[in-house]
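For reference, the structure is listed below as C-alpha cells.
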2 protein chains.
Amino acid sequence: MNISFDIKQFVETLENSCHKVRKKTFSKNEVITNYIEKRNQLCILLDGSADLVRYDLNGNRTIIDHFSKYDVFGEVFYIVSTNNELFVEAKGKCEVLFYIYDDIKKKCKINCKFHETLTELLPELILNKVTNLNMRIELLTKRSIRDKLVGYFNLISSMYLTKSFSLPFSLTDLADYLSVDRSAMMRELKLLKEDGFIEKTGNKITLLYK
Amino acid sequence: MNISFDIKQFVETLENSCHKVRKKTFSKNEVITNYIEKRNQLCILLDGSADLVRYDLNGNRTIIDHFSKYDVFGEVFYIVSTNNELFVEAKGKCEVLFYIYDDIKKKCKINCKFHETLTELLPELILNKVTNLNMRIELLTKRSIRDKLVGYFNLISSMYLTKSFSLPFSLTDLADYLSVDRSAMMRELKLLKEDGFIEKTGNKITLLYK
DNA sequence: TTTTTTCTGTTGCAAAAGCAACAAATTATT
DNA sequence: AATAATTTGTTGCTTTTGCAACAGAAAAAA
C-alpha cells in the first residue's frame, strides 16, 4: 500500500518530535494493547506482525484484522460497540509506536509536527481501513467454506499480482480469519486440491484456475 | 444517530447553493445508483429507505447496508475491490440528493457552502460507516444462525433502548443481511420462540432473556 | 540436541444449514 | 373489489459444517 511509505517517512523523521509518542517492543503472544473506548491511543507497527482478535463467550477466537509493518491501528478505527474485548496480539517480535491524543481531529496543543502530519493523513488511513473492512465483509458473506477460501486466495493473488503465493497466516489463523472450523477448512482445501483448482505445499498456494 | 441532524440542517438550507447538486425521486425497486470506482458521487437519502446490495455469481443476494432518512452513501464509503457490482435499490418511494465532486478532500472550485460543510463533516460520516462495518463483521463472524439472530436483535434492542421492536427489514431481507438461508433462518426463529428466548408476532420481536 | 509445544492433516460422527417445494397470509396492482 | 405478486411459515431431504480426537511434522524452548 502506497500509504505505508508516507507513514515510514514521517515516523522515522518525527517520532521524537512529540512528547506524547512512546516506542515499545513486544515478544511473541504478548498483548500490545486492547481496545477500550476513549482510550485515545493510536499505534503504528514499526516492525513485526500482529493480529486484532476477539474472543466470544463460546471461546471462539476471531481474527478481525491482521497488521504488518507500518500498519496503523487503535480504537479510532474500530469504535467499540459490544462487550467482547478486542486485543492486539504480537505474532512475533514487534516494535510499536504509541501515540496518545487529546482529540484526534484537533491540533496538538504544543503544535508538534508529528500530530499535524498524522491529522492530515488520518482521513486517508481511515478510508484504507474502510476498504479492508469491505473486503472482509465480502469474504464473510460468502455462503460456503470453499467460496471463502477461493475469495481469499483471489484477494491475495490480485494483491501480489501472482498466482503463486505464501499465506500470510498459519492455516489455524486463516480459519479464525474466515470464521470457520479449522478441520472443515482443511477438508475443503484438500477437496480444492483434488478437484484441481489449487496446488498446495505447506502454506504455499498456487491457483490453477482462470 | 446524532449526525443525522447536522445533515438535515445543512441539506435543507444549502441544497440549492451548489450547481453540482441534483435531487431525484425513485419508486420501489428502482436502482438509485450503482458503485463504480471514480464515479465521484455522494448521495444523501432525503426520504424513504434503500439497500446496498450485491449479487454474486451464484445468484445469491447480499444486503451490504441498509439506508434510511438522512443516511449518506456513495463509493467514497465503499471502495470497490471486486468485480461484483453493487447496487443501491429503493425499498419504496425515495428522494435522493446527488452530489458530484471533483476531489472529495479538496474545496469546490466555486467555493460553495454545501461542499465546505460536507468536507468538514466527511471524516465524521466515514467514522460512522466504520462503526457500522465493524458491527456487521461482528455479526457475520458469529458461527451459527441462532447467534447471528440474537446478535442482531441485541443490536437493535440497544439502539432503540427497548426489548420490543419491529424489524427494519422484512424477514426475507434479514436473511440476505445475515447472509443465511431464509428457510433455515425461519426454522431458527421458531426454535428461539419455542425455547422461550423471544416472542414474535409478524415482524415484531420481544426479547425475553437477560 | 533433546524435549516440549504448536501446527498440520485426517477422519467418523453429529449437528446445523441449505435446498426445494408448497400452502397460507399479506401486500401491491389493476 | 378482484387479481396478481410477494412474503411468511413449514417441512422432508441432502449437503455442508462443526466437533472431537489423534498421529505425524514442524517450530520453539530448554
Side-chain angles (χ1 to χ4, degrees), chain A residues 27-30 48-49 51 53 56 58-63 89-93 139-150 166-195 198-205, chain B residues 27-30 48-49 51 56 58-63 89-93 139-151 166-195 198-205:
Chain A
S27 43
K28 193 180 167 150
N29 291 327
E30 273 192 280
S49 72
D51 288 333
V53 299
D56 70 16
N58 308 326
N60 286 317
R61 175 174 182 266
T62 305
I63 297 182
E89 298 175 346
K91 299 295 294 174
K93 208 174 180 186
L139 280 182
L140 291 172
T141 53
K142 301 220 182 274
R143 305 296 171 101
S144 65
I145 295 184
R146 174 171 289 219
D147 283 350
K148 285 181 188 174
L149 280 171
V150 171
S166 292
L167 296 170
F169 282 126
S170 73
L171 294 171
T172 304
D173 285 353
L174 180 58
D176 287 343
Y177 182 76
L178 298 178
S179 203
V180 296
D181 179 73
R182 184 191 63 85
S183 63
M185 187 192 81
M186 293 300 284
R187 179 164 39 209
E188 205 55 48
L189 275 173
K190 198 172 134 197
L191 290 174
L192 276 169
K193 223 161 50 170
E194 282 172 17
D195 292 351
I198 62 164
E199 235 160 48
K200 174 176 174 299
T201 329
N203 79 345
K204 185 167 182 180
I205 305 282
Chain B
S27 43
K28 195 181 164 145
N29 291 328
E30 272 192 280
S49 71
D51 288 332
D56 70 15
N58 308 326
N60 287 316
R61 175 174 181 266
T62 305
I63 298 183
E89 297 175 346
K91 297 296 295 174
K93 207 173 180 186
L139 280 182
L140 291 171
T141 53
K142 301 219 182 277
R143 306 294 172 102
S144 65
I145 294 185
R146 174 169 288 217
D147 283 351
K148 284 181 188 175
L149 281 170
V150 171
S166 293
L167 295 171
F169 282 126
S170 74
L171 294 172
T172 304
D173 284 355
L174 181 57
D176 286 344
Y177 181 74
L178 297 179
S179 203
V180 297
D181 179 72
R182 185 191 63 85
S183 64
M185 188 192 80
M186 294 299 285
R187 179 165 38 207
E188 205 53 46
L189 276 172
K190 199 172 132 196
L191 290 175
L192 276 169
K193 224 162 45 172
E194 283 172 16
D195 293 351
I198 63 165
E199 236 160 48
K200 173 174 174 301
T201 330
N203 79 345
K204 185 168 181 179
I205 305 281

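Chain naming here is simple, since letters A, B, ... match the order of the sequence lines and numbering starts at 1 in each. What you see below is based on every heavy atom in this structure, not just the backbone, and it leaves out hydrogens, waters and symmetry mates.
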Is K28(B) touching bases, backbone alone, or none of the nucleic acid, heavy atoms closer than 4.0 Å? nothing
Short side-chain to backbone donor-acceptor contact, D51(B) and I63(B), under 3.5 Å: no
Return the value, rounded to whole Å, for the distance between atom CZ of R146(A) and atom C1' of dG18(D). 18 Å
Residue whose nearest DNA chain C nucleotide is more 5′ - K193(A) or A184(B): K193(A)
Heavy-atom nearest nucleotide on DNA chain D for K190(B) versus N29(B): which residue maps closer to 5'? N29(B)
Looking at the base of dA20(C), is there any donor atom on it, or on the side chain of S183(B), that sits under 3.5 Å from an acceptor on the other one? yes
Rounded to whole Å, the CG-C1' distance (L171(B) to dT10(D)) equals 14 Å
Return yes if the base of dG9(C) and the side-chain atoms of R182(A) contain a donor-acceptor N/O pair under 3.5 Å, otherwise no. yes
Side chain of D181(A) (C-beta onward), nearest among dC19(C), dT17(D), dG18(D): dG18(D)
R187(A) has a side chain; which of dG9(D), dT8(C), dG12(C) sits nearest to it? dG12(C)
Give L189(B) one of three labels, base, sugar-phosphate or nothing, depending on what nucleic acid heavy atoms sit under 4.0 Å from its own. nothing
Classify K200(A) by what it touches in the nucleic acid, base, sugar-phosphate, or nothing, heavy-atom distance under 4.0 Å. sugar-phosphate
With the side chain defined as heavy atoms from C-beta on, M186(B) is closest, among dA16(C), dT17(D), dG9(D), to dG9(D)
If you check every side-chain atom of S170(A), which of dT8(D), dC7(C), dG9(C) has the closest atom? dC7(C)
